[in-house]
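Have a look at the structure below, then the notes.
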Amino acid sequence: MFQKHNLFLIFSVDSMMDTNLQKDDLTGTIKFIPPLYKQRYQFIKDLVIKYKPKKVADLGCADCTLLWMLKFCKCIEVLAGLDIRENVMKEKMHRLSPLPADYLQPSERSLTVTLHHGSVAHKDPCMLGFDLVSCIELIEHLEAAELEKFPEVVFGFMAPAMVVISTPNSEFNPLLPGVTLFRHSDHKFEWDRAQFQTAATSYDYTVEFTGLGTPPPGTEDVGFCTQIGVFVRKYPKNGETVNSEKHTEHAYKTHFSVYTAAVLLPKTDFCVVFKAVYPSLKDEKYLQNAVVSEVLFGADIIKRRLLGNFKSEWKEHSDGLETKFKFQPFKYFMRCSKNLSLAETEKLAADRSMEPFIDGNTVYIPLAKIFSIPKVNQLCGTFEKLSKLIAGKVALSNDGSAVIVTIEYENEEQEN
């Protein structure tokens, strides 16, 4: 079934996990704080934060809690879950859907989340090309025939850069009240540490063994409550492309074919039960919306500041005879601009390429000024991209060199 692996290295989780343990002296119950299932999920999240994989798959994803945690990791662009129990996945899969805030403020990264109904014993193209594959408390639920196929599917066929497998440590069971044979009625087996180490297969991977759930003082010899193997793929020293990279290339083609020309795909055993594509600034539709919003917001701020400055100047030079100050931008700036023609106004905008100005009841804000707004600059990258994205979406001067904003004012005869 599995080949014996000759590498056995214990390392502590230290800062990665808070493994505080409490024991009720009356009942003998051992409690871990946080609960072990949360610690296992956090273990995976910490690995993601450290190694920043772009594509992550969770085999035996159950209620999708781990996937929900990982969707907030900015490095991840593809998340996939696989489970044989479709009804369990569907119970909380709605948590993987984009929220309204994701549409209001799209992320710079792309993110696609997919749930597949199927068995880990089957080789399916949709499971190729992943950087990290997690198998949290999965293998002990597999039948003998599935367990025999599992290593070849994960390490041979999927061949991700990293695999994390956790499973109960049976040596810890005597410390758990009420546990006679296995911890869960669906468990087909539970291994001690030696069995887990023996079962670890090479498949061009090195492995480090660790765990979560420190035993009570005086029982340290039983090991962790949960044992974990972190498998890292060996890369060839001659610089040739490794199998996982070849799979990645194939996986992108497969992903494209699934949703554009499914007839090109080989027969698949898996059924997609959920898919969510998050709004992203990599999609020009969302990028354009974000840029237009920032341009309009920035233009409004510039207009208000400009009007405020002129208002202050007008008040400063007034003769003080009026007890109530009324600001009338149209009349004031008509005097300043002296009824410039449209061509003269746009020439003035070009001559003062960075300085906004007012003609009549219109504020002219040069695109160069708009492009200097940090957020706009960050989103667009180039002046040409800015011009392209706001064309037809933002009011521009005839020559397209300035954003124009109309000033709303009260007529002189109107009283407040």
Does [X] pair with [Y] as a salt bridge, N-O distance under 4.0 Å?
X      : Y      : result
Lys188 : Glu146 : no
Lys285 : Asp283 : no
Lys282 : Glu108 : no

Testing the 3.5 Å rule here: is there a donor-acceptor pair between the side chains of [X] and [Y]?
X      : Y      : answer
Asp192 : Ser170 : no
Arg109 : Ser280 : no
Arg95  : Thr65  : yes
Glu91  : Asn87  : no

Are the side chain of [X] and the backbone N or O of [Y] linked by a donor-acceptor pair below 3.5 Å?
X      : Y      : answer
Ser397 : Ala402 : yes
Thr219 : Pro215 : no
His117 : Ile84  : yes
Thr112 : Val78  : no
Thr362 : Ile358 : no
Asn169 : Phe224 : yes
Gln227 : Trp191 : yes

[atom1]-[atom2] distance between [X] and [Y], expressed to the nearest 0.5 angstrom:
X      : Y      : atom1 : atom2 : result
Met162 : Lys50  : CE    : NZ    : 8.0 Å
Leu67  : Cys61  : CG    : SG    : 5.5 Å
Cys225 : Phe32  : SG    : CZ    : 4.5 Å
Leu66  : Tyr37  : CG    : OH    : 12.5 Å
Lys52  : Ile76  : NZ    : CD1   : 11.0 Å
Phe182 : Asn173 : CZ    : CG    : 9.0 Å

Provide the closest heavy-atom pair for [X] versus [Y] in the form atom of the first, atom of the second, distance.
X      : Y      : value
Pro160 : Leu132 : CB-N, 4.4 Å
His187 : Arg183 : ND1-N, 4.2 Å
Val273 : Glu86  : CG1-OE2, 3.3 Å
Cys126 : Phe270 : SG-CD1, 3.4 Å
Ala276 : Ser97  : CB-CA, 4.4 Å
Phe157 : Leu128 : O-CD2, 3.2 Å

Are more than 12 heavy atoms from other residues, nucleotides or ligands located less than 6.0 Å from atom CZ of Phe297?
no
Could you check whether atom CD of Gln105 has more than 12 heavy atoms from other residues, nucleotides or ligands sitting under 6.0 Å from it?
no
Paired with Leu59, the side-chain contact (heavy atoms from CB on, under 4.5 Å) test is passed by just one of Val154, Ile136, Val163, namely Val154
Flag side-chain contact, heavy atom, 4.5 Å: [X] against [Y]:
X      : Y      : result
Val120 : Ile139 : no
Phe231 : Thr206 : no
Lys54  : Cys75  : no
Phe43  : Val230 : yes
His141 : His184 : yes
Leu307 : Arg304 : no
Pro366 : Ser401 : no
Val295 : Ile373 : no

Parallel, tilted or perpendicular for Tyr286 and Tyr103, by the 30°/60° rule?
tilted
For side-chain contact (heavy atoms from CB on, under 4.5 Å), just list the numbers for Ser107 and Asp102, CA-CA rounded to whole Å, side-chain angles, deciding distance to a tenth of an Å, and then say yes or no.
CA-CA 7 Å; Ser107 173; Asp102 294 313; over 6 Å; no
Validation row, ring centre Phe209 to ring centre Phe196 under 6.0 Å
yes
What's the verdict on side-chain contact (heavy atoms from CB on, under 4.5 Å) for Arg40 and Thr226, showing C-alpha distance, side-chain angles and the deciding distance?
CA-CA 9 Å; Arg40 289 191 286 264; Thr226 293; 2.9 Å; yes
Between Ile407 and Val363, is the side-chain contact (heavy atoms from CB on, under 4.5 Å) condition met? List the steps.
CA-CA 7 Å; Ile407 303 170; Val363 178; 3.7 Å; yes
I would like to know whether Val164 and Leu47 meet side-chain contact (heavy atoms from CB on, under 4.5 Å); could you show each step before the answer?
CA-CA 10 Å; Val164 182; Leu47 287 177; 3.5 Å; yes
